[in-house]
Amino acid sequence: MSSVPRKTVLRNGRILDPSQEMDVVGSVVIEDAQIVDMGPDADTSDAMEVYDCSGLWICPGLVDMHTHLREPGEEHRETIKSGTQAAAAGGFTNICCMPNTSPPLDNPVLIDFILDKSSAPDAGGVFVAPVGALTVGQSGKQVSDLAALKRAGIVAASDEGAPVQDSSVMMRAMETCLQLDVPIMVHCDDLSLSAHGAMNDGAVSAMLGLAGIPRSAEEIMVMRNCLLALNTGCRIHILRVSTWGAVEMVRQAKYLGAPVTCEVCPHHFCLTENAVGEFDPNYKTTPPLRTPVDVDIVLQALNDGTIDCIASDHSPYAPHEVDVPFEEAPFGMAGLESAVGATLTYVTHAGILSPLETVRKLSTTPATILRLEAGTLRPGGTPVAQVTVIDPNVEWTFDVHRTFSRGKNSAFHGQSFRGKAVVTFCGSEIYRDPFFNDGRCTLQLA
Amino acid sequence: MRNLIAIRHLEVDSIQEILDMAASMKKSVESGTAPTTMAKRTVGLLFFENSTRTRVSFEQACSYLNFRSVNFSGSGSSMRKGETLKDTILTLKHERLEAVVMRHSSAGACNLAARYFGGPVVNAGDGCHEHPTQALCDALTILERKKSFKGLKVAIVGDVSHSRVARSDAWLLNKMGAEVRFVGPRTLVPTQTSGLPVTVYYDLRAGLADVDVVVALRLQKERMDEGLVSISEFRRLYQINRATLRAAAPDAIVMHPGPLNRGVEIDDLTADGPATVINDQVSNGIFVRMAALAWVFEESVVSKKAGAKR
């Protein structure tokens, strides 16, 4: 992790910068931790260090809108240090951390704590943008002091896994957030319908004797939240859509002019309810893994733009919490270090998204939604140079024993992927894949 | 060593082997001969959920087999002190138990137990998933009355969604060649049953038409508390009684895995009537569980031998 000296050149790579609609072979020039020039004609003279990026993608640092760093209070699952290291290894230079910690991030002191700790020298070197709790204690009753939280540095507000059920509370929260210009991230789940459920309500749950979570639980809340956003004007971002109905609701809401964006998580476009197999708790997530029809519609919606971005919903748990009977296991899976592999394998190489659009969903759009200074390679567009180098064709096997995250609960353990983030820069080089050693993108003194 | 966790994964030959063994165990027990020459084993009966008949049945089975049974219950064990199921199972393994019979409120709990126990695990009911030994004793009881499963029509009536017996019965009877129907109100039947080998009927009369076997399931009070069903409506639409049984074949038998809610899913007259084989189900439970324990230890013991001894 040495800092990048005077003039460093990432040479001869495929530059994919959606913020400039740029897809060309060229170079990116970094000086004093800042991007100073980029493109096919970038001035690479007097370079002190050269990285040969031929055959590789040079992308703006990836942005994950949806991670759980678990600190404070749940350090047995993840810490800010291990989570940010996992982010760097996954190719992310900006991540949002969700507020459902213990205690929840409902007060400015906690936001300060996150910002301090994530910028410490021993952390992963990525930027952490905290999401504040929408209601006090995530109780769904009283809206938090969002003005104070905003001043402390939150980029959005959310009650995440404990979503506000009371519509009048949600409406008041949206009015407040509209006034403060803070977007709300909403996990859409009608808890009265999903309460006892452990997986998608369908043929597999019927066979396994597991209580089902009906798709309506998600869709009703997507519809309600879209309507409230339409009627209040508050910007909302819908977390992890999983059903074709939810996709259609978002499509309608956008058509009506509601200020709505939404994301999908890799497990919802790679896997179906069948993956639960014989009660494997690693496949337990909320919303649950759905059916092949849902996966098809989700992929289509990624292609047509109804789904704005891809987020990991990185939800690490300690092994002892997951190694329990399925019904008792927590919902969620670690995802930071598998997101790029899963996306390239199931979306890009499947022809659903072009490389440029893939990078847009993983970087530029989430940065735009949250108004982060990120998601671009434009000189001066970010506080420090944020670059992710992706080898789009490397074939590798995801192994939880090699991840930085403390959460080993992954749906993708043992899965083969094609495509991986191999080197991540955030000011300086913060991560290099130890198995990527064919000589490319290796520091060479000019 | 083998596990007996789900009928869903059992092959027809194995089902037949256990049923044959159970029939021969029954013969030898009733004739007073020793049913087995198996080595003495120590079996843990691990019941995290209440049970009377299944637990007693396994205890009886152990005693006829000359096995030692060791009892645990959820409330009396260290699970109450926060121990995980994994650690409980590891402990029992190192207490040198040779098999575990387990009942647990979570579907799939036996899969986890099997992963860590390393010896035979017999599922005595896991959540709403399966209850294989109950299905086997239902099968033995049917076989005693109907001689063959081929072409039999079986209606399983009532709270199918929450019934592990319904799932195990359906798999077993379907594998052995019977036609299985689930009959019940929409709130108590899974919305999608394409993963189960059954035909669904929401109308009792249609569901019972020409069936040879009726299995009535207990309507659990919790379900009424959840508002899934009104008891008076259920009684009116789905009760097994003399009038509703007219739709079934004239020699149809009536079964119930127990415990009964007399006057709810089944009326008194039928419960005590000549078509009912509930008591046979209970006594066959012992022999089937003897056979199941022998089978998991891969002792294909008796069968012919016991007959030869006589």
Side-chain angles (χ1 to χ4, degrees), chain A residues 76 191-219 243 245 272-284 288-294 317-331 408-409 413, chain B residues 3 5-9 48-49 79 82-90 102 104-116 123 125-131 159-168 170-171 182 188-198 200 222-223 226-228:
Chain A
H76 59 295
L191 300 179
S192 70
L193 287 174
S194 63
H196 306 291
M199 67 173 295
N200 184 47
D201 186 27
V204 180
S205 69
M207 183 172 76
L208 297 177
L210 290 168
I213 300 173
R215 51 185 60 245
S216 302
E218 176 176 348
E219 291 159 358
T243 73
T272 67
E273 58 184 357
N274 291 313
V276 171
E278 291 299 311
F279 305 99
D280 187 339
N282 285 314
Y283 296 90
K284 185 173 177 181
L289 302 177
R290 304 286 189 182
T291 69
V293 175
D294 295 298
Y317 285 97
H320 73 266
E321 294 176 292
V322 181
D323 201 2
V324 295
F326 192 89
E327 290 176 69
E328 294 160 27
F331 291 94
K408 305 301 178 191
N409 52 316
H413 178 59
Chain B
N3 296 316
I5 292 176
I7 301 282
R8 185 158 53 97
H9 297 311
F48 295 110
E49 228 185 32
M79 294 285 279
E83 187 174 61
T84 63
L85 180 60
K86 169 185 163 179
D87 288 328
T88 303
I89 295 295
L90 284 175
M102 188 171 98
H104 197 280
S105 59
S106 289
C110 293
N111 297 60
L112 184 132
R115 215 160 49 239
Y116 290 106
N123 182 1
D126 61 329
C128 304
H129 178 220
E130 285 223 34
H131 191 350
D159 183 2
V160 176
S161 280
H162 301 93
S163 174
R164 49 198 174 210
V165 176
R167 285 177 180 80
S168 287
W171 285 113
F182 277 180
L188 298 178
V189 174
T191 39
Q192 288 180 45
T193 48
S194 58
L196 291 162
V198 298
V200 173
E222 302 92 275
R223 308 306 164 210
E226 286 165 19
L228 284 174

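Protein chains get the first letters and strands the later ones, always in sequence-line order, with residue 1 at the start of each. Note: hydrogens, waters and symmetry copies are ignored here, and every other heavy atom, side chains too, is used.
- When all heavy atoms of A/Asp201 and B/Gln192 are compared, the pair lying nearest together is O-NE2, 4.2 Å.
- Chosen from B/Pro190, B/Ala107, B/Gly108, the residue pairing most often with chain A at heavy-atom distances under 4.5 Å is B/Ala107.
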>> Please evaluate residues B/Leu112 and A/Asp323 with respect to the criterion side chain to side chain contact (heavy atoms under 4.5 Å, CB included), reporting the C-alpha separation (whole Å), side-chain torsions for both, the decisive distance (0.1 Å), and the verdict.
In response: CA-CA 8 Å; B/Leu112 184 132; A/Asp323 201 2; 3.6 Å; yes
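- A distance of 12.0 Å separates SG in B/Cys110 from CD in A/Glu278, rounded to the nearest 0.5 Å.
- In this structure, B/His104 and A/Glu327 have side chains that are not in contact, with every pair of non-hydrogen atoms separated by 4.5 Å or more.
- Heavy-atom distances place the side chain of B/Arg167, and not its backbone, under 4.5 Å from chain A.
- Taking both residues in full, the closest heavy atoms of B/Ser194 and A/Ala203 are given as OG-CB, 3.2 Å, listed atom of the first, atom of the second, then distance.
- For A/His196, the NE2 atom is loosely surrounded, since the number of other residues' heavy atoms within 6.0 Å does not exceed 12.
- Taking CZ from A/Phe279 and CG from B/Asp126, the interatomic distance works out to 6.0 Å, rounded to the nearest 0.5 Å.
- When all heavy atoms of A/Leu208 and B/Arg8 are compared, the pair lying nearest together is CD2-NH2, 3.3 Å.
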